[in-house]
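Contents: one structure, followed by commentary.
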Amino acid sequence: MTATLLAEQILNGLQFGVMLFLMAAGLTLVFGVMGLINLAHGSLYMIGAFAAAAVAGATGSFLLALAAAMSAAAAAGALVERFVIRRLYDRDHLDQVLATFALILVFSEGTRWLFGSFPLHLDIPPALKGPVTLPGGIEYPRYRLALIAIGLAVAAGLGLLIARTRLGIRIRAGENDREMIAALGVDISTLYTVVFALGAALAGLAGALVGAIQSVQVGMGEPVLILAFVVIVIGGIGSIRGALVGALLVGLTDTLGGIFLPRFFGLFLDPSSAANVGASLASMAIYILMAVVLVWRPTGLYGARA
Amino acid sequence: MREGAVNAVLLAGLVAFPIWAQAADEPFLITLATRAVILALAAVGLNIALGWGGMVSLGHAAFFGIGGYAMGILAFHAQTYAPLMEWPFVIEGTKSMPVIWLVAVVASALAALGIGLLSLRTTGVYFIMITLAFGQMLYYFTISWTAYGGEDGMSIYVRNGFPGLNTLVPVEFYGLCLAILLLVLALNAALVRAPFGLALNAARQSPERVRTVGIDPGRLQLAAFVLSGAITGLAGALFADLNRFVSPSMLSWQMSGELIVFVILGGTARLFGPVAGAILFVALEHLLGGVSDYWHVFLGALLLLVVLFARGGLVGFLAGRVR
């Protein structure tokens, strides 16, 4: 065990965490403002990744690919909000779960229809290839470092948007009292569409960014979606700050658990059973974290309302 | 009363179908029908928590999988002649269905007790997500459990036995599964009319009022959740026996989603709702799957239409609103 390894794993955990934040931010905004639980958020992530892979394949430009990912996901989000999601705001959560589960089936199989079952490839842009040497002599992939920077920048931007802009004021007002801001003359249905599209664009961005280090394939969104749920449950549903803290906690727990739990059990078990026990526990670590947080605080770390 | 008629037709269909398939010499259809009956049993279990108890569990695949693994592990040890454990006392594997069912029911009930105790501290969306997360936790656990096949799952070479029956004959295994489904439905019907069922129904509609008359709604819900998990676990053991295969995919969250789909497609809090839903789903899978590889698109679209415009599901559509 070296300090270099520890630093590398902490950076990996941060990178994973900020990408989870991009997913969780949209989910938590949509829940906070519209009271909607959206299982199809993972499909928007997938749409972002596929749009990026298609555009990068056609033009070779990573920036264009990112733009395409965000616009495709935002457009898909806005369309879905207009034609389906809008009818679900007044329904109970069961109907929302079911309808958005149905949307996953449509999006996943629709994408398979369009692009086929083989994973697509999305290249890391040449400028971000290779490792950088950090202070202390740590070699770390430049692209992953860029992901951390982008994630933190988006988090800061989102914080400013919510705290300082007119749209942010409306979003916060919408979280507190929907009827009241409608009565004050805010076009609430446009606000809903905008919030949904904003969340979708963030999911699409995450899909494209992660798509370059993993493969772009149908079904890539669902595992991330479930982790994002864990994140917002830990952070408190509706809270952006909670989403950030929760995402970093989950990212670090998952990454560090995967590395250090097998080593920890290696101290007093024989190597093969230590590897087994450690791997099992590591794969469950974030869910155990969530259970602990909920027993301690049933509405999450920053959740005010039940 | 129309609901009674719908139920009677469904029941008659379930009994008549294998006789017809046998006459038409289509053993594959009997296996398909067995699948529908077992999935219906799992959904009947979920319906107790979701329909009558109002607990939207998105993690019921966990209990389904626990039942499956109970069968897989016991049969695996029986076919390798290696005892399950030797200390402090010897436990051998078994190929006997009744023993396997008992283990499946007890194991999934215990799991439901643990998960329910923690999850029922929360309500609404938090409950949905926590049950989902517990489901994922067990899913990843089975993936990393290399002793029993890990990600690949494990195959059981010969279907387990039931005294007096040859379970290898499709129609006999179908009859066994149908008998269990009917038994559980009868239990379910009795339960709904019993004081427990009435109190549970009331606890869903207004926990405060139930509390005022001196009943703890949390304990009612926990009991219903445990019963629900146990039934779904039993279905899991049968499902594993049908396929002679268990794998982590039985615990995947898509499985949990599909179980909810069965309940809603058929009709929430209707005795035969999950049965109708599971039959419809398996039939659609068979028919649409033959037309297009991408049949999930149509399933998704159909499901959307049902949720948006046809609330009450198939049984609700045929039998009208609840009195």
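Letters go in sequence order (proteins before strands), and every chain restarts at 1.
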Ion pair present between A:Arg172 and A:Glu175, side-chain N to carboxylate O less than 4.0 angstrom?
no
Is there a donor-acceptor pair under 3.5 Å between the side chain of A:Asp92 and the backbone N or O of A:Asp95?
yes
Count the heavy-atom pairs under 4.5 Å between each of A:Ser108, A:Gly35, A:Ala102 and chain B, then report the option with the highest count.
A:Ala102
Could you tell me whether a side-chain N or O of A:Thr28 sits under 3.5 Å from a main-chain N or O of A:Ala24, the two making a donor and an acceptor?
no
Side chain / backbone / both / neither for A:Ile37 at chain B, heavy atoms under 4.5 Å
side chain
What part of A:Leu39 lies closer than 4.5 angstrom to a heavy atom of chain B: side chain, backbone, both or neither?
side chain
Answer key: most heavy-atom pairs under 4.5 Å with chain A among B:Gly300, B:Ala147, B:Gly150, B:Gly54 is B:Gly300
Counting only heavy atoms from other residues, nucleotides and ligands, does the tally under 6.0 Å from CG of A:Asp270 exceed 12?
yes
What part of B:Leu304 is in contact with chain A, defined as an atom under 4.5 angstrom from a non-hydrogen atom: side chain, backbone, both or neither?
both
Using 30° and 60° as the class boundaries, would you call the ring planes of B:Tyr140 and A:Tyr287 parallel, tilted or perpendicular?
parallel
Out of A:Gln96, A:His93, A:Arg91, which one racks up the most heavy-atom pairs below 4.5 Å with chain B?
A:Arg91
Keeping A:His41 on the side-chain end and A:Met23 on the backbone end, is there a donor-acceptor pair under 3.5 Å?
yes
Counting heavy-atom pairs under 4.5 Å with chain A, the top scorer among B:Ile130, B:Thr122, B:Leu118 is B:Ile130
For B:Phe298, is it the side chain, the backbone, both or neither that has a heavy atom under 4.5 Å from a heavy atom of chain A?
side chain
Within the supplied structure, the quantity of interest is the number of heavy atoms (other residues, nucleotides, ligands) at a distance under 6.0 Å from A:Tyr89 OH; does it exceed 12?
yes
Do you know which of A:Ile226, A:Val230, A:Leu88, A:Leu103 has the most heavy-atom pairs with chain B at a distance under 4.5 angstrom?
A:Ile226
Heavy-atom pairs under 4.5 Å with chain B - which of A:Ile286, A:Ile104, A:Val97, A:Val233 has more of them than the others?
A:Val233
Max heavy-atom pair count under 4.5 Å with chain B, selected residue of A:Leu94, A:Val84, A:Thr100
A:Leu94
In terms of heavy-atom proximity below 4.5 Å to chain A, should B:Val56 be classed as side chain, backbone, both, or neither?
side chain
Using the six-membered ring wherever Trp is involved, compare the ring planes of B:His60 and B:Phe63 and label them parallel, tilted or perpendicular (cut-offs 30° and 60°).
perpendicular
Side chain / backbone / both / neither for B:Leu302 at chain A, heavy atoms under 4.5 Å:
neither
Side-chain (B:Thr268) to main-chain (B:Ile264) donor-acceptor, under 3.5 angstrom:
no
Give a yes or no on whether the backbone of B:Ala42 and the side-chain of B:Thr232 come within a donor-acceptor separation of less than 3.5 Å.
yes
Segment of B:Leu308 engaging chain A (4.5 angstrom heavy-atom cut-off):
both
B:Ile128 versus chain A, heavy atoms under 4.5 Å apart: side chain, backbone, both or neither?
side chain
What part of B:Leu58 gets within 4.5 angstrom of chain A, counting heavy atoms only: side chain, backbone, both, or neither?
side chain
Just checking A:Phe268: does its CZ atom have more than 12 heavy atoms from other residues, nucleotides or ligands closer to it than 6.0 angstrom?
yes
Applying a strict 4.5 Å limit to non-hydrogen atoms, the region of A:Phe229 in contact with chain B is both
